[in-house]
Amino acid sequence: MTPSSDAPPNSQNLHSDLILPNAGIPGPIPEDFDFDGRISLPDGITCFELPLAVCICKNVNIEEFNNTSILKTIAVKNTPVLRPNDLDIGRPLKPLYYYADDEVRDLTDSKALCALFAPLPATLLQEIVSGCAHLKQANDSDRHPSQNKDKEDNGSIRSKLLGR
């Protein structure tokens, strides 16, 4: 008696043909899979025609999506090598939208503007904090040029004492 074509498929065959949608390969994910390539952010999008508020809102959502995907990919990476056939990595990461230099400068100069657009994406907050630190350093240098000269002189003396 020959097997009927109506017979249920062997579950082993069913899973071996399954292409994981995010990894793009049949499961299970191999030990040498390029996980690091899947958690690297893609190049951003330059679209300065978007209003700043829209760009900020989109980037907040994209960062949340990317963080979820990265966490899932890392969890799969840390799963023992005998991974289930249907265990997939996180979804492909989305690119963030770039900000114009003057937009970042305006946000760096204005806490009120930052509060107006809150919540801000983490990448933008990093740029603002970095910009504020540079501004503070420049302002301190402008206010106290004699202190900076003293620091330079002390550094030179210290270097001379160390034989440099």
Side-chain angles (χ1 to χ4, degrees), residues 1-140:
M1 182 163 151
T2 60
S4 163
S5 62
D6 295 337
N10 181 340
S11 64
Q12 190 72 354
N13 290 340
L14 179 65
H15 287 296
S16 66
D17 295 337
L18 176 70
I19 300 290
L20 301 172
N22 298 334
I25 60 172
I29 294 176
E31 186 176 350
D32 63 349
F33 186 78
D34 181 21
F35 288 100
D36 293 335
R38 299 301 181 110
I39 59 175
S40 297
L41 291 175
D43 290 337
I45 298 171
T46 302
C47 186
F48 298 134
E49 298 82 16
L50 282 177
L52 180 58
V54 172
C55 188
I56 287 172
C57 183
K58 284 182 150 302
N59 281 345
V60 165
N61 293 329
I62 291 168
E63 281 186 352
E64 183 177 332
F65 174 90
N66 286 348
N67 289 340
T68 300
S69 180
I70 289 169
L71 287 173
K72 182 172 182 182
T73 300
I74 290 171
V76 172
K77 179 181 180 179
N78 293 329
T79 300
V81 175
L82 295 175
R83 297 180 181 105
N85 287 347
D86 60 348
L87 181 64
D88 201 358
I89 61 171
R91 295 176 60 192
L93 301 183
K94 296 179 179 181
L96 294 165
Y97 288 86
Y98 289 125
Y99 303 98
D101 290 341
D102 60 329
E103 292 171 334
V104 175
R105 198 170 25 259
D106 291 346
L107 288 164
T108 301
D109 292 341
S110 173
K111 289 181 183 178
L113 193 57
C114 289
L116 178 68
F117 288 121
L120 299 176
T123 52
L124 179 57
L125 285 172
Q126 289 170 339
E127 285 187 57
I128 292 169
V129 168
S130 176
C132 287
H134 284 56
L135 280 176
K136 184 177 181 329
Q137 187 177 21
N139 287 339
D140 288 348

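Computed over heavy atoms, backbone and side chain alike; hydrogens, waters and symmetry mates excluded.
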Checklist entry - Should we count CG of Asp101 as having more than 12 external heavy atoms under 6.0 Å? => result no
Item to check | Under 3.5 Å donor-acceptor, Thr73 side chain and Gly90 backbone | outcome: yes
Checklist entry - Taking the side chain from Arg38 and the backbone from Ala23, do they hold a donor-acceptor pair closer than 3.5 Å? => result yes
Checklist entry - Quick check: are there more than 12 heavy atoms from other residues, nucleotides or ligands sitting under 6.0 Å from CG of Asp102? => result yes
Item to check | Shortest non-hydrogen contact between Tyr99 and Pro121, atoms and distance | outcome: OH-CG, 3.2 Å
Checklist entry - Just by distance, do the side chain of Asn22 and the backbone of Asp88 share a donor-acceptor pair under 3.5 Å? => result no
Checklist entry - Do Leu87 and Pro28 come within less than 4.5 Å of each other through their side chains, counting heavy atoms only? => result no
Checklist entry - Just by distance, do the side chain of Thr108 and the backbone of Val104 share a donor-acceptor pair under 3.5 Å? => result yes
Next on the checklist: What's the separation between atom CD1 in Ile25 and atom CD1 in Ile29, rounded to the nearest 0.5 Å?
Outcome noted: 5.5 Å
Checklist outcome for this item: Note: Ala100 and Phe48 closest approach over all heavy atoms is N-CE2, 3.4 Å
Next on the checklist: Can you tell me how far apart CZ (Arg91) and CD1 (Ile70) are? Round to the nearest 0.5 Å.
Outcome noted: 14.0 Å
Checklist entry - How long is the span from the NZ atom in Lys58 to the CZ atom in Phe65, to the nearest 0.5 Å? => result 13.0 Å
Item to check | Distance in Å, Leu125 CG paired with Cys114 SG, rounded so as to fall on 0.5 Å steps | outcome: 7.5 Å
Checklist entry - Nearest heavy-atom pair of Gly44 and Pro95: which atoms, and what distance? => result CA-CB, 4.2 Å
Checklist entry - Does anything in residues 63-76 pair up under salt bridge (Lys or Arg N to Asp or Glu O under 4.0 Å), and if so which pairs, sequence neighbours excluded? => result none
